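Worksheet: one structure, shown below.
Numbered from 1 within each chain, the chains take letters A, B, ... in sequence-line order. The structure presented is a predicted model; accordingly, all values stated were derived computationally and were not measured.
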Amino acid sequence: GAVVSQHPSWVICKSGTSVKIECRSLDFQATTMFWYRQFPKQSLMLMATSNEGSKATYEQGVEKDKFLINHASLTLSTLTVTSAHPEDSSFYICSAVLTVYSNQPQHFGDGTRLSIL
Amino acid sequence: AQKVTQAQTEISVVEKEDVTLDCVYETRDTTYYLFWYKQPPSGELVFLIRRNSFDEQNEISGRYSWNFQKSTSSFNFTITASQVVDSAVYFCALSESANAINTDKLIFGTGTRLQVFP
């Protein structure tokens with residue numbers, strides 16, 4: 001069964017709205033979660049690395065004030081797209097890893113399709 | 001710099017054919033991990049395999065097999081006797097993990113879209 005839950009799976013909203021996406025690790029604690037973005041028919045691009053209890057590390061070119069990441073607990077990370085515009089429409093997917101030394105691969109959520117009108 | 005190249009954008013085969021998906025990677029590290037993920041039309045990413053750079057032994061899992069060749073920096077994936085349910089986008093990915101703790105980010109290739117026709 002799924003070990004990472006992502007919610008919502010699908011969002012349509014008006015331009016200017018802020019949208020929050022949740023990523024939860026189920027039955028394991030994740031000190032690190034990753035947020036990726038995937039445009040249609042393209043690859044997944046890492047946006048940021050989210051570490052529990054500290055500030056996220058953003059990849060070059062990703063606006064940290066626009067994509068707010070909060071990793072307040074070992075099982076939950078949230079991505080908020082602030083003042084979303086049509087160009088932010090994309091597929092957002094998170095992944096989580098077990099706590100360090102677990103030597104396990106990343107587990108991905110089912111993704112969130114975001115459409116901004 | 002790290003890079004993953006999947007030169008095949010799309011492949012179409014007829015059911016029961018064998019198909020190989022190519023993956024070539026670049027890295028300066030001696031310790032790294034290679035992955036394959038499957039992304040069906042529904043969008044989720046399904047983990048298929050992870051290999052570390054010290055293990056060049058080929059692996060077989062049912063109809064799936066992987067050929068890791070360090071000499072050519074390739075990690076190819078073969079599906080034997082393909083089925084319609086294998087239709088998906090397949091991503092090869094690389095992570096560098098100098099201390100063998102798998103918390104490092106994944107660098108994805110551009111993916112290969114496989115269509116299996118009945």
Side-chain angles (χ1 to χ4, degrees), chain A residues 1-10 23 25 28-52 54 56-60 62 71 90-114, chain B residues 1-10 21 23 25 31-55 59 61 66 75 88-115:
Chain A
V3 294
V4 175
S5 171
Q6 197 170 331
H7 178 80
S9 56
W10 190 55
C23 181
S25 57
F28 73 93
Q29 294 183 327
T31 55
T32 303
M33 291 185 177
F34 300 91
W35 287 97
Y36 295 84
R37 180 168 54 184
Q38 184 182 29
F39 291 109
K41 297 194 175 183
Q42 293 188 26
S43 189
L44 289 84
M45 300 300 293
L46 180 68
M47 298 176 67
T49 303
S50 170
N51 295 297
E52 187 267 338
S54 64
T57 303
Y58 289 81
E59 295 299 301
Q60 194 172 10
V62 178
H71 195 154
S90 187
F91 185 64
Y92 293 86
I93 191 165
C94 70
S95 71
V97 292
L98 295 173
T99 49
V100 294
Y101 302 116
S102 67
N103 206 31
Q104 294 293 316
Q106 293 181 28
H107 294 279
F108 284 82
D110 287 348
T112 298
R113 293 195 187 278
L114 176 62
Chain B
Q2 307 164 54
K3 187 179 178 182
V4 177
T5 301
Q6 293 180 256
Q8 304 150 307
T9 308
E10 277 194 47
L21 310 181
C23 174
Y25 62 92
T31 304
Y32 51 89
Y33 288 88
L34 294 163
F35 303 78
W36 276 95
Y37 284 88
K38 174 182 179 180
Q39 187 178 41
S42 48
E44 75 273 21
L45 274 178
V46 178
F47 167 77
L48 296 178
I49 191 172
R50 182 187 67 159
R51 291 304 260 196
N52 74 55
S53 51
F54 297 108
D55 184 1
E59 182 156 339
S61 175
W66 291 269
F75 186 43
V89 180
Y90 290 86
F91 289 99
C92 181
L94 164 74
S95 79
E96 292 174 348
S97 187
N99 56 4
I101 298 172
N102 190 29
T103 58
D104 290 320
K105 60 186 182 184
L106 290 174
I107 306 298
F108 283 88
T110 49
T112 297
R113 183 176 300 275
L114 174 64
Q115 293 196 69

> Taking C-beta and beyond as the side chain, do B:Tyr25 and B:Leu34 meet within less than 4.5 Å on heavy atoms?
Replying inline: yes

> Parallel, tilted or perpendicular: which fits the ring planes of B:Trp36 and B:Phe75, with parallel below 30° and perpendicular above 60°?
Replying inline: tilted

> According to the interplanar angle, ranging from 0 to 90°, do the rings of B:Phe35 and B:Tyr37 count as parallel (below 30°), tilted (30 to 60°) or perpendicular (above 60°)?
Replying inline: parallel

>> Given the ring of A:Phe91, does A:Arg113 sit roughly above its face, with NZ or CZ under 6.0 Å from the centre of the six-membered ring and within 45° of the axis?
In response: yes

> Non-hydrogen atoms of chain A under 4.5 Å away: do they reach the side chain of B:Gln39, the backbone, both or neither?
Replying inline: side chain

> Under a 4.5 Å heavy-atom cut-off, does chain A meet the side chain of B:Ser42, its backbone, both or neither?
Replying inline: backbone

> By a 4.5 Å heavy-atom criterion (distance strictly below it), what part of A:Ile93 contacts chain B: side chain, backbone, both, or neither?
Replying inline: side chain

> Non-hydrogen atoms of chain B under 4.5 Å away: do they reach the side chain of A:Gln6, the backbone, both or neither?
Replying inline: neither

>> Working to the nearest 0.5 angstrom, can you tell me the gap between B:Leu94 CG and B:Lys3 NZ?
In response: 12.5 Å

> Among A:Met45, A:Gln42, A:Gln38, who wins on heavy-atom pairs under 4.5 Å with chain B?
Replying inline: A:Gln38

